[in-house]
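See below for the structure under consideration.
Read the numbers this way: they start at 1 and go in the same order the structure lists the ligands and their atoms. Quick caveat, the model's predicted, so the values are computed rather than measured. Both backbone and side-chain heavy atoms feed into the values below; hydrogens, waters and symmetry mates do not.
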Amino acid sequence: MIASRPPWDNSRMPQFDKLNDDVDCDVLVIGGGITGLSTAYLLKQTGQRVCLLERDRLAHGDTGCTTAHLAFVTDIRLPSLQRTFGSDRARLAWQGGEAAINTIEQIVDQEEIDCCFHRIPGFLQASLELNRDETQELQEECNLAQELGFAASFQATSPFSGQPAIRYANQAKFDPLRYLAALAKAIPGDGSAIYEESAATDFSADPLEAKANGHRINCHHLVIASHVPLMGQIGFFNATLLQSKLAAYSTYAIGTKVPAARYDEASYWDTSNPYYYLRIDHHADYDYAIFGGKDHRTGAASDNRERFDALAEILHKFIPEARVDRQWSGQVIETNDGLPYIGQTAERQFVATGFGGNGMTFGTLAAMLACDWVLGAKNLWQDLLSVDRKPVTHAVDYVQENLSYPYHIVADRFQRSEARSTREVKRGEGKLLRRDGQVIACSRDETGKLSQVSAVCTHMGCLVHWNNAEHTWDCPCHGSRFQPSGDVLAGPAEEPLAQIKNQREAAVK
Ligand code: FES
């Protein structure tokens, strides 16, 4: 039996009631992942009254699916970062990751959190799938890292793959849910509170307010930490402009026991595009490997499950005895220039998004920035990561990155039925059906229960696609994800897929 969740024990997360009354607070934080919880925790330490709203359960979304590498080495390779931003800003970006890891370490010490936080090295190794000599390229990259002041060393052979690699000292790893459970427990009290199953809606600017479960939350500052940002009070146009600089990718991970002490306890990632990543944890009588990659634009894969098989095939080349006992997927948000967008988007409104594969470190850095923003303090990274920073010369053209939107909006008009009747939708399957001029997202769970909702994404109208690994409806345009019931799992969509009035099981043309 293969588990469909990462190894982190989510039973440790404390649970909180729904919002059931009006609330006044200093700061309203939206999102109960690492960014929201860290922001609320840091602000509470400064005496602010914080209200944190989570649509579902804390750390239930992409934070719960992380592989929890703590690395200051960014997804965007250092030479590219330097070409795009210059040496000083490239150094500053990595120093931001260092500061975030140091902050996590301080909180772990201060709160005495038993979350297996360890400093480990990270290895950038030559591609696991390309058979070419990358020695010179990696040596030059290592030299650049050293020039910028980072503890990097070139190794002719990576401890995992035997390929050339750069060893970066002072990365780290932890159990993210044990860490976040401790933060969540420290937030309530003295005017601060957490509410779960409380989706924020109906934002207004003056007074600054939102609603959840029909109740009003009045605040002085609003921090949107919802992975893909909600619109908040910036309006559809500006929200869409920000969205057009972001691209959602699905990523896949598998877990397996490996023989004890065969590999160094470390993080590994390679130069493939998209890259493969590996975390090795040592246990008393075995080691555990988490191996991931095979990313694609969310909603754009025809068969999600085959990504797990492809990962297992590559891992078996290095660990023939690996027996996969876990597999899961998550979503990462990439930006046009490789660095996240963190900062003010409207008066008294702050947003953090676009962390790529560095969700734990950039999420923590975002919390540090949000805290300084609320307190009116200057922060070293505020200009570098600002939401309205100027486009930079070597950035990916974000118009091109989002070309899929006009393509899909046209192609969707010619979408054919994937089944003639709901009877053709088997257990565990989802198919699009045309009926009475509507396209219906029809799925059947393992018990045989049928769900039928509109297939039209409530963000900007593309048709959703079935994800056969996660059993969700994913939108290929900007990455929104929905449950079979139509409820939103991940934005930018904020409204559920529309319910279908006529739920008959009839044959269709
Ligand atoms: Fe934008 Fe679906 S149309 S996420």
### Task
Go through the steps for T67 and R279 under the test side-chain hydrogen bond (donor to acceptor under 3.5 Å, both in side chains), then give the verdict.
CA-CA 8 Å; T67 50; R279 165 177 170 155; over 6 Å; no
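- Under 2.8 Å from atom 2 (Fe) of ligand 1 lies no N/O/S atom of C477, from backbone or side chain alike.
- With 2.8 Å as the limit, H478 does not count as an N, O or S neighbour of atom 2 (Fe) of ligand 1.
- The heavy-atom pair separating Y252 from S329 by the smallest distance is CD2-CB, 3.7 Å.
- Each of the following atoms of ligand 1 lies closer than 4.0 Å to a heavy atom of S480: 4 (S).
- W373 has its ring centre less than 6.0 Å from the ring centre of H221.
- Close approach of ligand 1 to M460 (heavy-atom distance below 4.0 Å) involves ligand atoms 3 (S).
- Angle subtended at atom 2 (Fe) of ligand 1 by C457 SG and C475 SG: 110°, rounded to 10 degrees.
- For the pair F85 and L92, the minimum side-chain heavy-atom distance is 4.5 Å or more.
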### Message
Checking N468 against D303 for the side-chain hydrogen bond (donor to acceptor under 3.5 Å, both in side chains) test, could you report, in this order, the C-alpha distance in whole Å, the side-chain angles of both residues, the deciding distance, and whether it holds?
### Response
CA-CA 7 Å; N468 66 1; D303 185 345; 2.9 Å; yes
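- At a threshold of 2.8 Å, atom 1 (Fe) of ligand 1 has a backbone or side-chain N, O or S atom of H459 nearer than that distance.
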